[in-house]
Amino acid sequence: MLNNHTSKLRKINLFQSKPVFIPIVLTIWLFVMGVYEYFTYTDSILPILTRKQPLEVIFLIVNQLFVALFFLYGITNIVIAIRYAMLKNKVKDAELAILAKELPADWHPKVELLYTTYNDFIPYALAQCLDQTYDNTQGVILDNSTDPKYIKMIDDFVIAHPNVKLVRDSHNKHAKAGNLNHYLCNGTHDYDYFVILDSDELLENQFVEKCLKMFYYNDIGILQCNHVSGQNSNSFMSTFSSSGNAFWPVQNVVRSAEGGWLNKTASGVSVGQTGGTLCIELGHGVMMSRECFEDIGQMPHAVSEDLCTSIEAILKGWNIKFASQIYGNEAFPVNMSALLIRSGKFCSGNLEFLRKYASRIIKSKTLNFYQKLDLFCFTLSSPISACQYISLIITSIICPILHIPLVTQLFMLWPVLVCYFSQTLVDGVFHLKNGMKFFDVLVYEVESIILYGSFYFVTVKSTVRALMNKPAKFNVTPKVNERVTFLQAFKRHYQGILFSVSTIVVCIAVSGSSWVLLSFIPGCFGFLFEMQANHRTSTEQLVADKLQNYSNKALHANNTETVDWND
């Protein structure tokens, strides 16, 4: 078994920047909150105190906690994008310097590509991932499927690719984590590193070779690689897939560059270089060393198994870094329903993570204050829409009913707007820099606001279930789109529509507030995006036909043709 912690002389750690991101965020946040709280105190809280109504003060204080979270999230999104612009070239140069090196001839570790699937096998994706320039690579299908169609498809693929191992988990427990553990924790395995692949994953053909260079020249246990959103076979995917192209590098480059370095020794864990953020692995397109995995013991049985695995590794002293110059290609959800399922999974999974790990994180001496704060902010980014909903209900229903004086209701809305628009604003700026026309950017911004503004119901539902201690569910994101009519789209989303309409009606009836429409109108007609997946341009149709053709070929023996990972 290879040892990452020997041969220290060869290690030339990736670019490391001073941890200034979170301190800058905190400085701006404290200033903004100071100004905001001054007006809130003088115009709202002080008059209430004179009325000696403590219950009313409690409602305002609770709302101010949400306000603080909204401003923190919005400021974080904006600052991290600016910080990324400052760091990206230095990070790129540092990575390219490592990738330009050669692997030593006497270092030839075995790498397994672990392809996880549950009724969503995609032949062309796995065939392409197997096409690696590094020769000591083994493909392994970890199949939990129950649908006979996918079971037969996988059997046919293995016949056509006899070098690929097939492992089935008939018990099918604990979702993706259970699938991985069923293979990694049972039996004798001959591997030094493994890569986790989702069913729609495409890897560049130098992926394994590049990752091994990062491991050889850096003291890391886990490497998360960059992703682009591609394989767009309908108009819904083409419209919204670009959001991931900004999110992945912006978020991860900064967190990796300012993440510091840990030293793992026989006597324990020490901080070699102070960090201000945490870099985590995101569940696919990630390589892990055998040493690291065996030290953790298993993938934690949780919906957000990637986030949980990251914390287990970090607390044991393993470094996690992000490679911006090593790419995978991940298909964007095929329609709005698929995107909602994924969003609900993220929300419930992150809340489950907080319930399981909050205490350990707070008590940890391995992580500093800035890293803990960064982790909690990142984790709360999914359920934050539920907090927005509660805040809007307080200011538009509860406060008017109790005759609680507000500065203005529009003033109370500002923090929600900052939080709400911060990510789409960053997306828009990156689209402009990448050459998108200004009018097209405006259209994209409006479409994004309507689409993601209709997600209140799913996040509120997931949050309520988590607060009721209901177990989080690992729902596989659908990979196939079926044409839907207007009525079918309405039926799919009627709960969210009723949720938004009833909220608007109650808010206006109680307070006469028309500004509430800004937040909840998208939920009334956002479902129309469900039908956008019905449409294909001629280019999108060519992509769909080509991918289907590659899948058909991948199921037949003696075929070596693979899809271009850039498609």
Side-chain angles (χ1 to χ4, degrees), residues 1-5 109-118 138-145 165-199 201 215 220-224 262 264 268-269 278-320 345-346 348-361 363-364 366-367 375 379 471-476:
M1 183 168 58
L2 299 179
N3 191 334
N4 271 340
H5 295 282
K110 183 174 182 179
V111 180
E112 291 192 333
L113 304 178
L114 306 184
Y115 180 93
T116 59
T117 178
Y118 176 76
Q138 170 76 62
V140 184
I141 300 176
L142 304 181
D143 179 35
N144 274 356
S145 298
K165 290 196 294 187
L166 171 60
V167 179
R168 287 199 161 106
D169 180 8
S170 59
H171 298 292
N172 194 19
K173 291 183 178 180
H174 306 298
K176 184 176 179 179
N179 195 2
L180 289 164
N181 289 334
H182 176 259
Y183 174 69
L184 292 169
C185 300
N186 293 291
T188 302
H189 303 296
D190 177 25
Y191 74 90
D192 300 297
Y193 298 89
F194 63 82
V195 178
I196 301 174
L197 304 175
D198 277 356
S199 63
E201 189 91 19
F215 275 92
I220 56 179
I222 300 175
L223 182 69
Q224 175 63 59
L262 298 172
K264 184 176 177 63
V269 180
L278 276 183
C279 183
I280 63 172
E281 62 107 341
L282 299 169
H284 56 102
V286 56
M287 181 181 282
M288 184 182 300
S289 72
R290 180 170 186 160
E291 275 189 301
C292 179
F293 176 76
E294 291 184 347
D295 194 17
I296 296 170
Q298 66 173 14
M299 304 288 180
H301 292 156
V303 170
S304 294
E305 88 293 332
D306 48 0
L307 187 54
C308 298
T309 299
S310 299
I311 295 305
E312 294 287 355
I314 290 170
L315 294 181
K316 287 183 177 293
W318 294 95
N319 290 303
I320 302 175
K345 180 176 68 176
F346 286 165
S348 60
N350 284 8
L351 290 170
E352 178 189 42
F353 166 80
L354 287 175
R355 187 169 65 248
K356 289 186 174 184
Y357 282 87
S359 178
R360 286 180 62 186
I361 292 168
K363 295 177 182 177
S364 170
T366 303
L367 307 178
L375 179 60
T379 307
K473 294 183 178 181
F474 190 101
N475 295 316
V476 176

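One distance of note links CZ of Arg290 with CG of Leu184; it measures 9.0 Å at 0.5 Å rounding. The distance from the CD atom of Gln138 to the CG atom of Leu113 is 8.5 Å, given to the nearest 0.5 Å. With values rounded to the nearest 0.5 angstrom, Ile361 atom CD1 is found 4.5 Å from Leu375 atom CG. Note: Ile296 CD1 to Ile311 CD1 = 10.5 Å, rounded to the nearest 0.5 Å. Considering CG of Leu114 and CD1 of Ile141, their distance stands at 11.5 Å, rounded to 0.5 Å.
Considering all non-hydrogen atoms of both residues, His182 and Asn186 come closest at O-ND2, 2.9 Å. Summarising the geometry of Ala313 relative to Cys292, their closest heavy-atom pair is CB-SG, 4.0 Å, with the distance given to 0.1 Å. Smallest separation of non-hydrogen atoms from Cys279 and Ile314: O-CD1, 3.9 Å. The nearest pair of heavy atoms linking Gly283 to Lys176 is O-NZ, 2.6 Å. Cys308 and Ala302 make their closest contact through SG-CB, 3.7 Å (heavy atoms, listed as atom of the first residue, atom of the second, distance). Nearest heavy atom pair, residue Ala177 against residue Pro300, reads CB-O, 3.3 Å.
You'll find the side chain of Phe215 reaches within 4.5 Å of the side chain of Leu223, heavy atoms only. Two residues are said to be in side-chain contact when any heavy atoms from C-beta on lie closer than 4.5 Å; Met299 and Ile196 meet this criterion. A 4.5 Å side-chain heavy-atom check between Val303 and Lys345 finds at least one atom pair inside the cut-off. Annotation: side chain of Asp295 is in contact with side chain of Lys264 (closest heavy-atom distance under 4.5 Å). Residues Asp198 and Thr116 have side chains in contact (heavy-atom distance under 4.5 Å, counting atoms from C-beta outward).
Applying the side chain to side chain donor-acceptor pair (under 3.5 Å) criterion to Glu201, with sequence neighbours excluded, gives His227, His284. Ser310 meets the side-chain contact (heavy atoms from CB on, under 4.5 Å) test with Ile280, Glu281, Ile320; sequence neighbours excluded. For Lys473, there are no salt bridge (Lys or Arg N to Asp or Glu O under 4.0 Å) partners at least two apart in sequence or on another chain. The salt bridge (Lys or Arg N to Asp or Glu O under 4.0 Å) test applied to Lys356 returns Glu352, not counting sequence neighbours. Residues passing the side-chain contact (heavy atoms from CB on, under 4.5 Å) test with Ser304 are Asp306, Leu307, Asn350, sequence neighbours excluded. Scored by the side chain to side chain donor-acceptor pair (under 3.5 Å) test, Ser145 finds Asp143 as partners (sequence neighbours excluded). Listed by chain and number, the residues in a side chain to side chain donor-acceptor pair (under 3.5 Å) with Lys165 are Glu112, Tyr183 (sequence neighbours excluded). The side chain to side chain donor-acceptor pair (under 3.5 Å) test applied to Glu312 returns Tyr357, Arg360, not counting sequence neighbours. For Phe194, the ring-ring contact (aromatic ring centres under 6.0 Å, His included) test picks out Tyr191, Phe293, with sequence neighbours left out. Annotation: ring-ring contact (aromatic ring centres under 6.0 Å, His included) contacts of Phe346 (sequence neighbours excluded): none.
Looking only at distances, a side-chain donor or acceptor of Gln224 sits under 3.5 Å from a matching main-chain atom of Leu282. Of the possible polar contacts, one joining the Asn179 side chain to the Leu142 backbone as a donor-acceptor pair under 3.5 Å is found.
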| said: For a side-chain contact (heavy atoms from CB on, under 4.5 Å) check, start with the C-alpha distance between Tyr118 and Asp169, then their side-chain angles and the critical distance, and finish with the verdict. | reply: CA-CA 10 Å; Tyr118 176 76; Asp169 180 8; over 6 Å; no
